[in-house]
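Report on the structure given below.
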Amino acid sequence: MLPDDAAAAVPRAASASFTAYLGEHHPGLLPTNRTLGPVTASTDASHLAPHATTIVSLTFPGGVLMAGDRRATMGNVIASRHIEKVFPADHFSVLGIAGSAGIGLDLTRLFQVELEHYEKIEATMMSLDGKANRLAAMVRQNLPMAMQGLAVVPLFAGFDTDRHVGRLFSFDVTGGRYEEHEHHSVGSGSVFARGALKKLWSPRLDEASAVRVAVEALYDAADDDSATGGPDTVRGLWPVVYVVDGAGARRIPERDLELVAHAIIGARSSAGREA
């Protein structure tokens, strides 16, 4: 049995925020506690590290979907054709990253642990708004690195178990949090993907139709943005797509995405159009 003073110290140390605990006891382990020195033109590191590119997200009746392409770039070079940029944050939410890939992946893992830690300490799941606010605070902590070219811009989506609807949130590099409606996109190809989403999205989409809309939006982004990778039929590489609804978050199988991609390519080939 613990002495009274030791037992009293346990609840004080057991912060509901894993990030706050880490920042207090081991700040050097936080991905946001890294700097490259004074900001100058020569310390702009944006061309030295792989960058994740385009993420799209859209709502449909009963849920929300998020999809990301598989390409990472480093300057004018393709750094990876296999990177995954969309991940489950917890049982009812997903997270996609655009920007500096290494920092983004660290931020994703830390956010996943943050939500799991909160659930263990508080014995309840954090609300969807609470998750979005917590992510915004983590993005804000990366501002010094963002000023030197290593920015991370996430897209966050989840199923609101109180409202029983899918919701999505965007962020800026300063930690600003904005709830988006219907659909949104971030990354280098986002302007092209968003144009496609405006034309293809409908409030009456079912899940299968929403998957096709997301893949087609990424296809359009890849058509005009060299940093976005489209479906790769030679290597058998397809976007990463997650759906979140009342049953939780689940990944769409690659076989299903292959069929969707071939249907889109076939339809566009048969149409015989230039664009």
Side-chain angles (χ1 to χ4, degrees), residues 16-20 22-23 30-36 39 44-46 49 51-59 64-68 85-87 89-90 92-115 118 126-160 162-163 165-195 197-198 201 217 221 225 227 242 244:
S17 171
F18 179 78
T19 306
L22 202 61
L30 287 172
T32 54
N33 272 0
R34 303 166 185 165
T35 58
L36 301 178
V39 179
D44 182 355
S46 59
H51 274 62
T53 48
T54 308
I55 306 293
V56 300
S57 184
L58 61 146
T59 60
V64 64
L65 176 150
M66 186 176 291
K85 313 167 192 176
V86 180
F87 308 91
D90 66 0
F92 286 106
S93 61
V94 291
L95 171 69
I97 57 165
S100 180
I103 295 177
L105 293 173
D106 274 357
L107 187 72
T108 297
R109 286 189 285 264
L110 183 60
F111 186 57
Q112 290 169 332
V113 174
E114 175 82 3
L115 298 185
Y118 179 92
M126 192 182 297
S127 70
L128 193 63
D129 283 296
K131 296 172 193 176
N133 290 336
R134 192 65 58 90
L135 181 58
M138 295 171 68
V139 172
R140 187 178 303 114
Q141 291 172 349
N142 190 57
L143 186 57
M145 296 295 284
M147 297 298 290
Q148 298 182 65
L150 298 178
V152 176
V153 182
L155 193 58
F156 178 67
F159 184 78
D160 192 320
D162 295 322
R163 301 186 190 179
V165 295
R167 300 168 64 194
L168 59 108
F169 301 85
S170 66
F171 304 83
D172 61 34
V173 294
T174 66
R177 189 210 82 165
Y178 315 96
E179 182 165 4
E180 306 293 345
H181 301 280
E182 300 177 352
H183 51 76
H184 196 67
S185 179
V186 297
S188 62
S190 61
V191 62
F192 308 111
R194 206 171 302 170
L197 289 170
K198 286 181 179 180
W201 184 87
D225 174 44
Y242 275 88
V244 194

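- Considering all non-hydrogen atoms of both residues, Phe192 and Ala221 come closest at CB-CA, 3.8 Å.
- Atom-to-atom distance recorded for His184:NE2 and Tyr178:OH is 10.5 Å, nearest 0.5 angstrom.
- Between Val86 and Leu95, every side-chain heavy-atom pair lies at or beyond the 4.5 Å cut-off.
- Here the straight-line distance linking atom CG of Asp225 with atom OG of Ser190 works out to 8.5 Å at 0.5 Å rounding.
- Glu182 contributes atom CD, which lies 10.5 Å from atom CG of Leu197 (distance to the nearest 0.5 angstrom).
- The shortest side-chain heavy-atom distance between Met126 and Leu115 falls under the 4.5 Å cut-off.
- For the pair Phe171 and Val153, the tightest heavy-atom approach, listed with the atom from each and the gap, is O-CG1, 3.3 Å.
- Side-chain polar atoms of Asp172 and Thr174 form a donor-acceptor pair below 3.5 angstrom.
- Between Leu155 and Ser57, the shortest heavy-atom contact is CD2-CB, 3.7 Å.
- Neither side chain, Lys85 nor Thr108, offers a donor N or O lying under 3.5 Å from an acceptor on the other.
- Side-chain atoms of Ser185 come within 3.5 Å of backbone N or O of Ile55 as a donor-acceptor pair.
- Remark: the backbone N or O of Asp129 is paired with a side-chain donor or acceptor of Asn133 at under 3.5 angstrom.
- The closest donor-acceptor contact from the side chain of Thr59 to the backbone of Gly166 lies at 3.5 Å or more, if one exists at all.
- Under the rule for a side-chain hydrogen bond (donor to acceptor under 3.5 Å, both in side chains), the partners of Glu180 that lie at least two apart in sequence or sit in another chain are Ser170.
- What you find for Val152 and Gly104 is that their closest heavy atoms are CG2-N, 3.6 Å.
- When side chains are defined from C-beta on, Leu135 does not count as touching Arg177, because their heavy atoms never get closer than 4.5 Å.
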Decide side chain to side chain contact (heavy atoms under 4.5 Å, CB included) for Leu107 and Met138; before the verdict, give the C-alpha distance in whole Å, the side-chain angles of both, and the deciding distance to 0.1 Å.
CA-CA 8 Å; Leu107 187 72; Met138 295 171 68; 3.8 Å; yes

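- You'll find the side chain of His183 reaches within 4.5 Å of the side chain of Lys198, heavy atoms only.
- Of all heavy-atom pairs spanning Leu128 and Ser93, the tightest one is CD1-CB, 4.3 Å.
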Run the ring-ring contact (aromatic ring centres under 6.0 Å, His included) check on Phe87 and Phe111 step by step: do they pass?
CA-CA 11 Å; Phe87 308 91; Phe111 186 57; over 10 Å; no

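- Looking only at distances, no side-chain donor or acceptor of Ser100 sits under 3.5 Å from a matching main-chain atom of Ala151.
- Asn142 places no side-chain N or O within 3.5 Å of a backbone atom of Met145 that could act as its donor or acceptor partner.
- Closest of all the heavy-atom pairs between Val64 and Ala157 is CG2-CB, 3.8 Å.
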